[in-house]
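Let me begin by presenting the structure, written as structure tokens, before commenting on it.
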Amino acid sequence: MMENKIIKGFSKLNKEEKINWIIENYLDNDESQKDFLQSYWHQDPKTQQLHDEFIENTISNFYIPLGVAPNFKINDKVYCVPMAIEESSVVAASAKSASFWLNKGGFKANVVSMIKIGHVHFAWHGDYSKLIKFFERTKERFFEDTENLTANMRKRGGGILSLELINKSDLEPNYYQLMAKFDTCDSMGANFINSVLEQFAQTLKDELANDSSLYEAEQKVQIIMCILSNYTPECIVRSEVSCKIEELTQGTDMSAELFVEKFQQAVHIAQIEPYRATTHNKGIYNGIDAVVIATGNDFRAVEASGHTYAARDGQYRSLTDVEVKDGIFKFWIEVPMALGTVGGLTKLHPMVKFAYQLLGNPNATELMQITATVGLAQNFGALRSLVTTGIQKGHMKMHLFNILNQLGATDEEKKFFVEEFKTKTVSHKAVVELFEKIRAEKTV
Ligand code: MEV
């Protein structure tokens, strides 16, 4: 068995040394791995260096496809939306939904609110009423001490919106928070918020220490941590579609009434059944994450917030909802989403820059509208397939390409298989068997 080695100071090695060390210690001295990793480097060393410096210990690049979903009409503007995702069928489903709604008025989206939240979590021993009074006396100081940090954001129309003292000592002895709300304009704002919170913590420490009206024990505070919350229930975007119910099944042999009934049942199940709600929302994030990644935002933050929001009343539920009234079908999503169009990777990553150009350089509000809409479109596409043909038909068609690529099929062979499986069910076994047969017979 290969003995895996441990190393100190790995990060100090240069890229080549890192790769050599990995090959020596974990890859059986297989020198071809070096060429393999290098084959994924960018041809322009400067561009590669840019990518190398996004993270630590970079050895190569990890490709995922960048696709586009055209025909997204949102608030009367048509977008061709960039999506970075590895899962087949996602871009196709979004594009299909976008086209479906294009001639039915498109999507209407609006940002409900853009407030972000952060906390100084601290432990303090003393009479809470005294802490309240202390906070009232010193509150202005917290704003004054952060004026330098907030100057630029205030110029852009944002900054600190509010600061509150919160008592959490019923949940954890001596646990309190300073909870601040922020407007971070077009930036996601994580660095801004965290810097302000750390200054709040310093002010809290200093002001308590200097408050002679407090006992010695009350002059002390233990700052546990200062951090923004990725849960942003006040940074909400909504997108919706609507049409006459008979328009939903035009051109198909399904009755509109049956479609609507099953669609409503499917959404209702995702409202009441967490097992289904999880998959339902996962499908929504297939679309949202793909846009979030392509536009250089933090998909972990966006997802984490969405899942917490989905469970805000204590049970995990669907993020989309449906209503049918007076013959009109209305389907919508309401989802928290902290996105930025300035800062972070947005002006650095060449593909992200491209994505912004493709979208017409939207601001954060517009990007939130686009992204939520893709989530809604994705969910509409998934539910439409699920309650009609079933999901596997479309999925397996795309999966066919993955199987063929694994088998090393030529373009000619791929064309042949697409034709061949137009009417047949795709299964791994069926594809492999036919592939072996045509290779043996050299018929394609
Ligand atoms: C697959 O990635 C996503 C779906 O399962 C979503 C859904 O079931 O709603 C198709």
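Both ligands and their constituent atoms are indexed starting at 1 by order of listing.
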Checklist line | Phe100 six-ring face occupied by Arg384 cation (under 6.0 Å, within 45°) | finding: yes
Check: By salt bridge (charged side-chain N to carboxylate O under 4.0 Å, His left out), which residues pair with Glu433, not counting sequence neighbours?
Finding: Lys429
Under a 4.0 angstrom heavy-atom cut-off, which atoms of ligand 1 come close to [X]?
{"X": "Lys282", "answer": "1 (C), 2 (O)"}
{"X": "Glu87", "answer": "1 (C), 2 (O)"}
{"X": "Leu386", "answer": "7 (C), 8 (O), 9 (O)"}
{"X": "Asn286", "answer": "1 (C), 2 (O), 3 (C)"}
{"X": "Thr279", "answer": "5 (O), 6 (C), 7 (C), 8 (O), 9 (O)"}

Margin query: With nothing but distance in play, are any N or O atoms of Arg276 less than 3.5 Å from an N or O of ligand 1?
Written below: yes
Margin query: Over 60° means perpendicular and under 30° means parallel, so tell me whether Phe329 and Phe263 are parallel, tilted or perpendicular.
Written below: perpendicular
Note to self: Under a 3.5 Å cutoff, is there a donor and acceptor pairing between the side chains of Asn286 and Lys282?
What the structure shows: yes
Next item on the list: Applying side-chain contact (heavy atoms from CB on, under 4.5 Å), name anything that partners Ala277, two or more places apart in sequence or on another chain.
Entry: Tyr316
